[in-house]
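Working notes for the structure below.
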Protein chains: 2
Amino acid sequence: MSGGGLVVALSGGVGGAKLALGLARVLPAEELLVVANTGDDFEHLGLAISPDLDTLMYALAGLDNPETGWGRRGETWSFMEALGELGGETWFRLGDRDLATHVERTRRLRAGETLSQVTAAFCRRLGVGPRLLPMSDDRVRTRLHTEEGWLDFQDWFVRRRCRPAVRAIAFDGAPAARPQPEVMAALRGGGLRAVVICPSNPLISVEPILALPGLREAIRGCGAPVVAVSPIIGGEAVKGPTAKMLREFGILPSAAAVARRYRDLLDGYVMDEADAAEAAAAGVPVTLARTRMVTLADREALARAVLAAADSLRRAT
Amino acid sequence: MSGGGLVVALSGGVGGAKLALGLARVLPAEELLVVANTGDDFEHLGLAISPDLDTLMYALAGLDNPETGWGRRGETWSFMEALGELGGETWFRLGDRDLATHVERTRRLRAGETLSQVTAAFCRRLGVGPRLLPMSDDRVRTRLHTEEGWLDFQDWFVRRRCRPAVRAIAFDGAPAARPQPEVMAALRGGGLRAVVICPSNPLISVEPILALPGLREAIRGCGAPVVAVSPIIGGEAVKGPTAKMLREFGILPSAAAVARRYRDLLDGYVMDEADAAEAAAAGVPVTLARTRMVTLADREALARAVLAAADSLRRAT
């Protein structure tokens, strides 16, 4: 790749993690910083659970479960089975291996470590090269105002399977939360090659990150190209409730609609070749690419396309 | 069985649990109350772990691991493996199924339930008929003064494999702990058939129970025969550090020596046929039996022998 310099990637879980892995495979480890949404973190069974952070960590470590998109590969489920026998709550599935992450993280957080420190320690142990950081070490909790009232994120997402229509979204704690300092330093410092907004749900995976005080401004002022990748292909999300939620917000789900959602931030946008007809509606320079990431080669190819788009924007300005 | 009336059995882990199961198999469920030592309970990885209580619960539920004597049968170890990868502490082995007990117990204790309530709920779910209760809902912690200084129980027992010689034993918290109220009510109420001290380590499994304020006196004054079963056969413990510890306390490990340790409490004592020569030295009426419990039939036979011994003492008085 041409370029050099640091790439900061903002990401939620499944879809974002695929591109994050692609970036990790085409960039030297020290040139990638992945920022994870922690708005859907929650306490469950007394454990501190960080779904997006873990999906990213497992993906970058090559431990992710390709069938589910979350959790670990080669997982066993004895804990969950035994918990059910004891009458415990089983609606949120925690695999036996995955559980070690939550138990050890909870222990370390209680002992006074920050989520960033715990994540860094885990990544070191698991051989993750690029930096992976939570968006903040402070508590932010995405809550959804639905037709059934306010619901905690996982309650809506997992227990209610995204069924209740969403009317409003709140990021509790965001106004008082401090963005992860290394992320802010990276955005404000020199040597930034690009900011990449991964193909994650804008409403619940990316906007919690952007809701942190100063973060949106830091991205706008970073001086490097900001490029987002569409999570929508042909009017539908590859996975998850993105299209359904956009509709509930009165937004026709389209690649261009997501670009407009980020309009104050973007210098460029990568959308699928299938959505070529919408390119003009995005409002920013568009790169067409194959954005459906099935194989590892797909992830790498999209990562290269995104970096090329960013680099061309830099040369253009 | 002749008799009828309630049998209260005091027990530690492995050896005691074998007899407790034998008693559970020969008595109607409502005629047995098993009291578990909680002196070796501890907090580990942020989880509330009650080793003796769980060994008893799993044994009574038919879920115990016959190979190890602790933990659950059909266990898997994915959690422990993953925890090791993350750099977590792996010296105390927690199986995936067993872990559900600790996670759910910890959650319920934090939510304000007592250890007795949590145990009762688990036993109900697992189909345990007899009542199983912790000796106290308050925190008691067995600590050992060894040649290497004071050690927490599990630190000495598991991590140091009982190697450091023990000079003194303390039951931290015992003076202020309240014995489990149902246990006290059973000892003080009418309808008691016998108190059985199971073949557990007297120093670290039974004496923490007896150290609770009022409990020793309640047993002495209960009016029913009190019978102990020797954990020593032919000068050695069937399992665990009992013989080694007795030696370190200057006590020649023998069946009779254990009887003398309980002398203020006992009306009768059951020792192995192999120790017949020591019967006179026990200081109380002795019943000889086969105390090595390998099969389920052994457990039942010993339970019957213990109850018969108690019933004969009742008739004698």
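In the text below, chain A, chain B and the rest are named by the order of the sequence lines, each starting its count at 1.
For A:Arg110, the part lying under 4.5 angstrom from a heavy atom of chain B is the side chain only. Proximity to chain B (any heavy atom under 4.5 Å) is shown, for A:Arg124, by neither the backbone nor the side chain.
Counting heavy-atom neighbours within 6.0 Å of A:Arg139 CZ, excluding the residue itself, gives a total of 12 or less. Atom CZ of B:Arg73 has more than 12 neighbouring heavy atoms from other residues, nucleotides or ligands inside a 6.0 Å radius. Within 6.0 Å of CZ on B:Arg143 lie more than 12 heavy atoms contributed by other residues, nucleotides or ligands.
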For a quick test of your reading: what N or O donor-acceptor pairs under 3.5 Å do the side chains of residues 35-42 of chain A make, sequence neighbours left out?
unit_1, atom_1, unit_2, atom_2, d
A:Asn37, OD1, A:Gly39, N, 2.8
A:Asn37, ND2, A:Asp52, OD2, 2.9
A:Asn37, ND2, A:Ile204, O, 3.3
A:Asp41, OD2, A:Ser50, OG, 2.8

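Across B:Leu126, B:Leu94, B:Leu63, the residue that shares the most heavy-atom pairs under 4.5 angstrom with chain A is B:Leu126.
Contacts from residues 79-89 of chain B to chain A, taken as heavy-atom pairs separated by less than 4.5 Å, involve B:Phe79, B:Glu81, B:Ala82, B:Leu83, B:Gly84, B:Glu85, B:Leu86, B:Gly87, B:Gly88 in sequence order. For residues 98-108 of chain A, heavy-atom neighbours of chain B at less than 4.5 Å comprise A:Leu99, A:Ala100, A:Thr101, A:Val103, A:Glu104, A:Arg107, A:Arg108, sorted by residue number.
Among residues at least two apart or in separate chains, there is no ring pair (Phe, Tyr, Trp, His ring centres under 6.0 Å) pair with a member in residues 14-36 of chain A.
Atoms CG and CG, on A:Leu47 and B:Leu45 in that order, are 10.5 Å from each other to the nearest 0.5 Å.
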